[in-house]
Every structure is written in structure tokens, then in C-alpha cells.
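Below is one structure, written out as C-alpha cells, with a few remarks after it.
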Amino acid sequence: MHDLLEQFSAVLGKQYVLTEDQDKAPYLTDWRKRYSGKALAVLLPKTTNEVAKLVKICAANHVVIVPQGGHTGFCGGATPDNSGKQVILNLKRMNQIREIDTANQTISLEAGCILQAIQEKAAAQDFLFPLSLGAEGSCMIGGNLATNAGGTNVLRYGNTRDLCLGLEVVTAQGEIWNGMKGLRKDNTGYDLRDLFIGSEGTLGIITAAVMKLYPLPISQWTTLVATENIASTIALLTLFQKRATSLLTGFEMMTQESLALNEKHFPQLANPLKGNPPFTILIELSDHESEEHVRKLLGTILEEAFTTNLISDAVIANNLSQANTFWHMREHITLAQAEEGANLKHDITIPLSSLENFILETDALIRQKFPGVRIINFGHLGDGNLHYNIAAPIGIDPKEFNHLHEKPIQELVYAQVERCQGSISAEHGVGQLKLADLRAHKGEVAHQLMKSLKRALDPQNTLNPHKVVSI
Ligand SMILES: Cc1cc2nc3c(=O)[nH]c(=O)nc-3n(C[C@H](O)[C@H](O)[C@H](O)COP(=O)(O)OP(=O)(O)OC[C@H]3O[C@@H](n4cnc5c(N)ncnc54)[C@H](O)[C@@H]3O)c2cc1C
């Protein structure tokens, strides 16, 4: 073991091989505090060549590598097991922007770049990097690619996969694959880029990427509206999609119970809509033309929504700071849940045509079988993506409640997802949390194909084993 640590130190320098308990501690527990592990060492490489050398050493010694970015993932994918024999390869020191190509509208950057820093760098050159999520101050682009993160702009710009044109990857054998072409068309056989995106560190280590940039919108209008039920909410989405088409960049749903939790923990984020409506919808329109154009369009659509009784109240943000407060309301629900204690998360997608049926039926079943629970249902409704989370009844210890009821609640929710032909993981991935569920819900043929890919690319099973798929 000592010899192994010396080999790592020879590549990185001793200070970037963390072995002391207090130095390793920040890397060992996931954001939700659901998973905690041990590690032989935390390795902090600065270059792709260093990553390749480390992987070769690990491959030669059959040492398991757990790749890690900002460690904000919700499925325990970046947390090691308890053996103390695995190493964490954290990419935070690989944080260089290699190039912004203004003609090609792309940014080439290393995997350890923090998402918010990328957005700011792009904006400084009048570009939009549209990937946006609540963890953007700490998650890293390598982690976003490895989980194919979604977030609030998927409706208009797609998820991380849609934003990526090229990758650089260190394979399980320590080879460097240079796929850093910023091409929008490249039909040269199998798409290796797409294979690594969303593979959660189980097929290769993403060290750099070429991502798309977009012109920065000139004007953005954000509004909160009240709807009485899910049917009106979906009809409202259809109305906005028809009238605003590609100007619609956000459509987020928050239920009364979600916002009640927000208000409890973040009273400064009280809902400005009257009377605590059953559903509060955050809608954003963005435009590359004049402010006036989009403001007028928003007004016309809202008027139509009022006259057809789809909405009962609306507040339009009259400056950027108010718009940011509306977004904070949405983003703080996750944080409010964390403050409240452990909860049961279900990150699911349902076809929009089945969404009403799913919510009405599932809510009724949950309330009947588990009286008193709080259904914290919110999400990127424009994508059919619900965070259908369940919190223990008030006054009951969440840990105890979850211990007793996690399995039956999850089975109920996933059976409903299956019935509606949805997905049990919309954007958070699989990690270790949904390993068994993936097997049950993906279908046998798909599961076997995934195993074949894993065996082919990582035959020694040293890259993040027992995450996503076990071989
Ligand atoms: C408050 C909050 C809000 C969130 N909101 C959203 C949201 O709206 N949408 C959404 O999709 N997610 C959301 N998330 C989840 C999380 O932020 C995303 O999954 C994010 O993409 C993870 O990035 P990370 O750098 O933290 O990755 P990590 O958590 O470090 O890793 C995630 C997985 O990717 C692997 N990995 C990391 N880096 C690499 C690499 N360079 N090469 C290969 N594999 C790698 C890890 O092994 C692990 O399996 C949220 C999280 C929080 C805490």
C-alpha cells in the first residue's frame, strides 16, 4: 500500500495525495448525507496526463477509482464504499478554460470548471452558457456531463448532452481519447461522446469538453402565476409553447406544500401571489430582440390565460432582482427539504399527456396509505420532470419514518411511473441509490446491453464499480 501511495506521489507531488483523515473527510460524504465511505487516498490531478498516469497505476494494481467533481450528485455516485481500498480522483484542480471560439460559438474547458464560473466567463464575452441548476456554485462540468444534468433551461436548450460537442476522456486502461472536435455534424461510426455522457464515471474519466455557446438574450421576463389544478397548469404550458415558441425558456412548477416548506426555512422567500394557490408556476421568456417585444408578448399570453380561466393571479418581476427572487424560491425548495431533514426523493419524468393522471392518482394513493405525509412535488414541468418527494408527517422523526416506509413508498411511486411509461431517473442519474431499481425498470435486454458495454470498456471493473450497473 505504501508503495502505491509513493507511485501516486511521484505523479502528483505529495501534497496532492491526501491520506490524513481530516484531509479526506470533505470528500467522503455525499451532499444529502445519505452515503459515507472510506478511501485509501484522495488524488488531486492538475493535467490529463497526470490522470492517465494515475489510472495506469490503479489498473496495474487493481485499485478502484471513484471519479469526483463537486460532489453535489443526489445518487451517491461519487462516494466510495467502506472498504478503505478505493481511491477518489477529484478533478477540481483541472479548472482551466482552454479556449472560447467565438466563430464556432464553443467553449473548450477542463472537467473541474465550476458551472457558475463557466456561465460568467461566457457572459463576459456576450455568450450564454445555458446549463443552469441549483448546485451551479459548486458542481463541475465533468460531473454535469457524467450525470447528463438537466436543470432549468432544458425546455429551450436541452440537457448537458445536447450542449456537448466534444470530449476528452481517460479510459479505464489509462489511454487518452481526444474527441475535442467542436463539430455539429460528425457521423463517423459509433458516437463515443454520447457513450461517456451520463455514464457516471463507470466507463471513463472525462477530463475536458467542448460545449456549445449561444447568443446572450437581450431581455428576459419572469413571472409567477397561480393555477388551481394540474390540468390548468398543463393547458397553460401548451398555451405558452404555442404563443411564445422558442422564447419560452423556463416553466417550473411548485405546489403549495413545497412553498410552505420554503417559507418555513426561508421566510424571506414568501410567495408574492395571493392566497397560497395550489400551484405556483414560474415562467420565463427570453428574447434576442427588444425588451418591449417580449414584455408585450408575455402580457398578451397572460391575458389569454386569465380570460380562459387557466390562471387566477400573476406577478411579473419588474426588475432583475425580483426575477432572481422568483428563481430563488424555486431553487430553495431543495435546500428547505435538506433543512427539514431526510426525505424520500423521486426524480421522475412522465409524458405530459399522462401527467395529470399520474399526479391525481399517486397523490391519492400516497395520502390514503401514508396519512399525514407531505408531498413536496415540484420540478421542471416543461420537461415532464417532477421531483416527487415525500416528507414525514409533521412531528414524526424523518429518519424513523423513512426507515419504515421508504421501500413501500418508492415501490408505489415507481409502479405509477411504470404504468405511465415514465422514467425513474429524469436527471439525477443512478449512482448507487438506484442500482437495483435500474435493473428492475430498464428491461432485461437494455440491462444486458449496458453490462456488455461496461465489460468491454472496463473489463477489470475498476472504474466506479457497483454504480449504475454491476457486472
Ligand atoms: C441544490 C441542488 C440542486 C440540484 N439541482 C439539479 C438540477 O436541477 N438538475 C440536475 O440534473 N441535477 C441537480 N442537482 C444534482 C447535481 O448537482 C448534478 O447531478 C451535477 O451534475 C453533479 O455534478 P458534480 O460535479 O457535483 O458531480 P459529482 O457529484 O461529483 O459526481 C456525480 C457522478 O459523476 C461522476 N463524475 C464526476 N466527475 C466526473 C468526471 N470528470 N468524469 C467521469 N465521471 C465523473 C461521479 O463518479 C458520480 O458518479 C442538484 C444538486 C443540488 C445539491
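Counting starts at 1 for both ligands and their atoms, in listed order. Computed from a prediction, not measured in an experiment: that's the story for all the values here.
Within ligand 1, the atoms closer than 4.0 Å to a non-hydrogen atom of Thr72 are 15 (C), 16 (C), 17 (O), 20 (C), 22 (C), 23 (O), 24 (P), 26 (O), 29 (O), 51 (C), 53 (C), numbered from 1 in the order shown. Atoms of ligand 1 lying under 4.0 Å from at least one heavy atom of Asn144, given by number and element, are 20 (C), 21 (O), 23 (O). Applying the 4.0 Å criterion to heavy atoms of Asn464 picks out, from ligand 1, the atoms 47 (O), 49 (O). Interface of Gly204 with ligand 1, defined as ligand atoms under 4.0 Å from a residue heavy atom, comprises 43 (C). Counting the atoms of ligand 1 from 1 in the order shown, those under 4.0 Å from a heavy atom of Ala149 are 11 (O), 21 (O).
No donor-acceptor distance shorter than 3.5 angstrom exists from the side chain of Ser9 to the backbone of Gly13, with no hydrogens or angles considered.
Looking only at protein heavy atoms, the nearest one to atom 46 (C) of ligand 1 is Pro67 O, 3.2 Å.
Annotation: cation-pi pair Arg330/Phe378 absent, no NZ/CZ under 6.0 Å from the ring centroid and within 45° of its normal. Both tests pass for Lys345 against the ring of Phe74: distance under 6.0 Å to the centre and angle within 45° of the axis.
Atoms CD1 and OG, on Ile348 and Ser423 in that order, are 9.0 Å from each other to the nearest 0.5 Å.
Residues forming a side-chain hydrogen bond (donor to acceptor under 3.5 Å, both in side chains) with Thr160 (at least two apart in sequence, or on another chain): none.
Residue contacts with ligand 1 do not include Val66, since none of its heavy atoms lies under 4.0 Å from the ligand.
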